[in-house]
> 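Below: one structure in structure tokens.
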Amino acid sequence: MAAAKIAPSMLSSDFANLASEADRMVRFGADWLHMDIMCRHFVPNLTIGAPVIQSLRKHTKAYLDCHLMVTNPSDYVEPFGKAGASGFTFHIEVARDNWQELIRSIKSKGMRPGVSLRPGTPVEEVFPLVEAENPVELVLVMTVEPGFGGQKFMPEMMDKVHTLRKKYPSLDIEVDGGLGPSTIDVAASAGANCIVAGSSIFSAADPGEVISVLRKSVEGSQNKS
């Protein structure tokens with residue numbers, strides 16, 4: 001069974017105080033810190049790059065779960081490996097032709113490879129990457145269109161999560177977009193075990209309580225299955 005992992009999305013944090021925000025999330029019980037990397041080509045927004053990861057790494061030992069919403073992920077592997085990224089999740093939509101080489105490269109830099117898919121991409125596209133001789137170790141199902149925080153959760157994406165969990169019982173299945181106390185149960189019951197949540201954690205009066213609610217939902221669903 002894949003363990004529950006709660007990953008606050010640092011896109012919703014106070015970027016002027018990133019190190020203290022990271023420390024605060026870890027103290028509140030976060031397992032991972034989710035880092036959104038956007039290049040302004042694959043998605044219209046522009047966020048952070050390897051230099052920020054490198055700076056943050058000096059202040060935290062936390063698992064830095066990097067989601068690269070970029071057009072050329074292979075260009076980012078070496079700099080993110082050097083910067084201290086823990087996980088490197090790329091999008092299948094831009095890696096259909098070179099994912100085998102990309103996975104090898106990510107692993108060679110000491111990072112854990114993951115693959116993500118946009119809402120409009122069929123879940124079947126990631127099956128070969130999970131079943132490969134040198135596989136990805138995580139699948140990230142986007143429950144909003146990537147590019148901006150604060151969007152509304154798309155419950156219809158849970159069919160993808162359910163399909164993945166049924167097919168791959170021990171796989172890390174991550175969901176990102178619109179997750180919070182009001183939507184966690186449907187994601188957890190579908191089989192998601194890695195939960196990315198931004199505004200629902202950072203805007204809460206008690207972020208630690210929200211993290212706890214998310215974790216209990218995942219663990220409760222796992223105990224029922």
Side-chain angles (χ1 to χ4, degrees), residues 1-7 31-39 41-43 50 53 63-146 154 156-177 187-188 190-196 218 222 225:
M1 188 182 292
K5 299 175 187 81
I6 310 304
D31 302 281
W32 293 355
L33 300 176
H34 190 78
M35 312 300 295
D36 288 297
I37 319 302
M38 306 181 193
C39 70
H41 296 285
F42 182 68
V43 291
I53 299 296
Y63 185 100
L64 299 181
D65 177 37
C66 296
H67 174 201
L68 284 94
M69 290 163 269
V70 300
T71 307
N72 299 304
S74 54
D75 293 346
Y76 293 77
V77 175
E78 186 164 344
F80 272 78
K82 281 184 180 171
S86 310
F88 186 109
T89 298
F90 58 89
H91 268 264
I92 185 60
E93 296 88 359
V94 294
R96 290 184 176 101
D97 299 328
N98 69 334
W99 58 264
Q100 289 166 310
E101 179 189 337
L102 192 51
I103 292 169
R104 273 195 299 272
S105 179
I106 292 165
K107 288 186 176 179
S108 75
K109 300 300 178 190
M111 297 178 289
R112 195 162 176 253
V115 65
S116 183
L117 61 162
R118 300 179 92 139
T121 303
V123 70
E124 291 80 10
E125 287 206 22
V126 302
F127 292 174
L129 286 72
V130 180
E131 296 169 14
E133 192 175 326
N134 197 21
V136 291
E137 298 174 27
L138 172 146
V139 174
L140 167 54
V141 174
M142 291 302 296
T143 53
V144 297
E145 196 58 47
M154 300 164 82
E156 61 271 26
M157 292 301 113
M158 293 307 98
D159 288 345
K160 293 181 182 181
V161 175
H162 185 263
T163 298
L164 287 165
R165 180 56 69 213
K166 194 172 176 186
K167 199 168 171 62
Y168 311 111
S170 60
L171 179 68
D172 270 338
I173 301 172
E174 188 168 48
V175 286
D176 181 5
N193 69 295
C194 301
I195 310 298
V196 179
V218 172
Q222 289 178 335
S225 59

> Without placing hydrogens or testing angles, list every side-chain donor-acceptor pair under 3.5 Å for residues 107-115, not counting sequence neighbours.
| residue | atom | partner | partner atom | Å |
| --- | --- | --- | --- | --- |
| Lys107 | NZ | Asn134 | OD1 | 2.9 |
| Lys107 | NZ | Pro135 | O | 3.2 |
| Ser108 | OG | Ser105 | O | 2.7 |
| Arg112 | NE | Glu137 | OE1 | 2.9 |
| Arg112 | NH1 | Asp172 | OD2 | 3.2 |
| Arg112 | NH2 | Glu137 | O | 3.3 |
| Arg112 | NH2 | Asp172 | OD2 | 2.7 |

> Going through the checks in order, is the side-chain contact (heavy atoms from CB on, under 4.5 Å) test met by Met157 and Val144?
CA-CA 9 Å; Met157 292 301 113; Val144 297; over 6 Å; no

> Is there a donor-acceptor contact under 3.5 Å from the side chain of Lys166 to the main chain of Gly191?
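Answer holds: no.
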
> Which of these, Val139, Leu138, Val136, sits in a side-chain contact (heavy atoms from CB on, under 4.5 Å) with Leu171?
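The side-chain contact (heavy atoms from CB on, under 4.5 Å) with Leu171 is passed solely by Val139 among Val139, Leu138, Val136.
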
> Closest approach of Leu102 and Ala95, non-hydrogen atoms and distance?
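So the two residues come closest at CD2-CB, 4.0 Å.
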
> Among all residues two or more places apart in sequence or in another chain, which pass the side chain to side chain contact (heavy atoms under 4.5 Å, CB included) test with Thr121?
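Side chain to side chain contact (heavy atoms under 4.5 Å, CB included) check on Thr121 returns Ile92, Glu93, Arg96, Leu117, Arg118, Glu125.
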
> Write down the atom of Glu174, the atom of Ala7, and the distance for their closest heavy-atom approach.
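Closest heavy-atom pair between Glu174 and Ala7: OE2-CB, 4.4 Å.
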
> Which atom names give the shortest non-hydrogen contact between Asn193 and Ala2, and what distance separates them?
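Looks like ND2-CB, 3.3 Å.
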
> Is there a donor-acceptor contact under 3.5 Å from the side chain of Asp176 to the main chain of Met142?
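Answer holds: no.
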
> Of the non-hydrogen atoms in Ile195 and Ala192, which two are nearest, and what is the gap between them?
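What the structure gives for the nearest pair is CD1-CB, 4.0 Å.
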
> Return the CD1 to CE distance between Ile37 and Met69, rounded to the nearest 0.5 Å.
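Going from CD1 on Ile37 over to CE on Met69, the span is 7.5 Å.
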
> Just jot down the side-chain hydrogen bond (donor to acceptor under 3.5 Å, both in side chains) partners of Asp36, sequence neighbours excluded, or say none.
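Testing Asp36 for side-chain hydrogen bond (donor to acceptor under 3.5 Å, both in side chains), a comparison that skips the adjacent residues, returns Ser9, His34.
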
> Quick one: does any side-chain atom of Ser116 pair with a main-chain N or O of Leu140 as donor and acceptor, under 3.5 Å?
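Yes, Ser116 side chain to Leu140 backbone: donor-acceptor pair under 3.5 Å.
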
> Quick one: do Val126 and Leu164 satisfy side-chain contact (heavy atoms from CB on, under 4.5 Å)? Show the steps, please.
CA-CA 9 Å; Val126 302; Leu164 287 165; 4.1 Å; yes

> For a quick test of your reading: what N or O donor-acceptor pairs under 3.5 Å do the side chains of residues 81-90 make, sequence neighbours left out?
| residue | atom | partner | partner atom | Å |
| --- | --- | --- | --- | --- |
| Lys82 | NZ | Glu78 | OE2 | 3.4 |
| Ser86 | OG | Arg57 | NH2 | 3.0 |
| Ser86 | OG | Leu64 | N | 2.9 |

> Looking at every heavy atom in both Val94 and Thr71, which two are closest together, and how far apart are they?
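Looking at all heavy atoms of both residues, the shortest contact is CB-O, 3.5 Å.
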
> Under 4.5 Å between any side-chain heavy atoms of Thr143 and Met158, yes or no?
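Yes, close enough: below the 4.5 Å cut-off.
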
> Nearest 0.5 angstrom please: Thr163 OG1 to Glu124 CD, how far?
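Going from the OG1 atom of Thr163 to the CD atom of Glu124 covers 7.0 Å.
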
> Can you tell me how far CE of Met35 sits from SG of Cys66, rounded to the nearest 0.5 angstrom?
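Reported to 0.5 Å precision, the distance equals 6.0 Å.
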
> With sequence neighbours excluded, what pairs up with Glu131 under the side chain to side chain contact (heavy atoms under 4.5 Å, CB included) test?
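For Glu131 the side chain to side chain contact (heavy atoms under 4.5 Å, CB included) partners, ignoring immediate neighbours, are Phe127, Lys167, Tyr168.
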
> Report the residues that fulfil ring-ring contact (aromatic ring centres under 6.0 Å, His included) with Tyr63, sequence neighbours left out, ordered by chain and then residue number.
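Counting only residues at least two positions away or on another chain, Tyr63 forms a ring-ring contact (aromatic ring centres under 6.0 Å, His included) with Trp32.
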
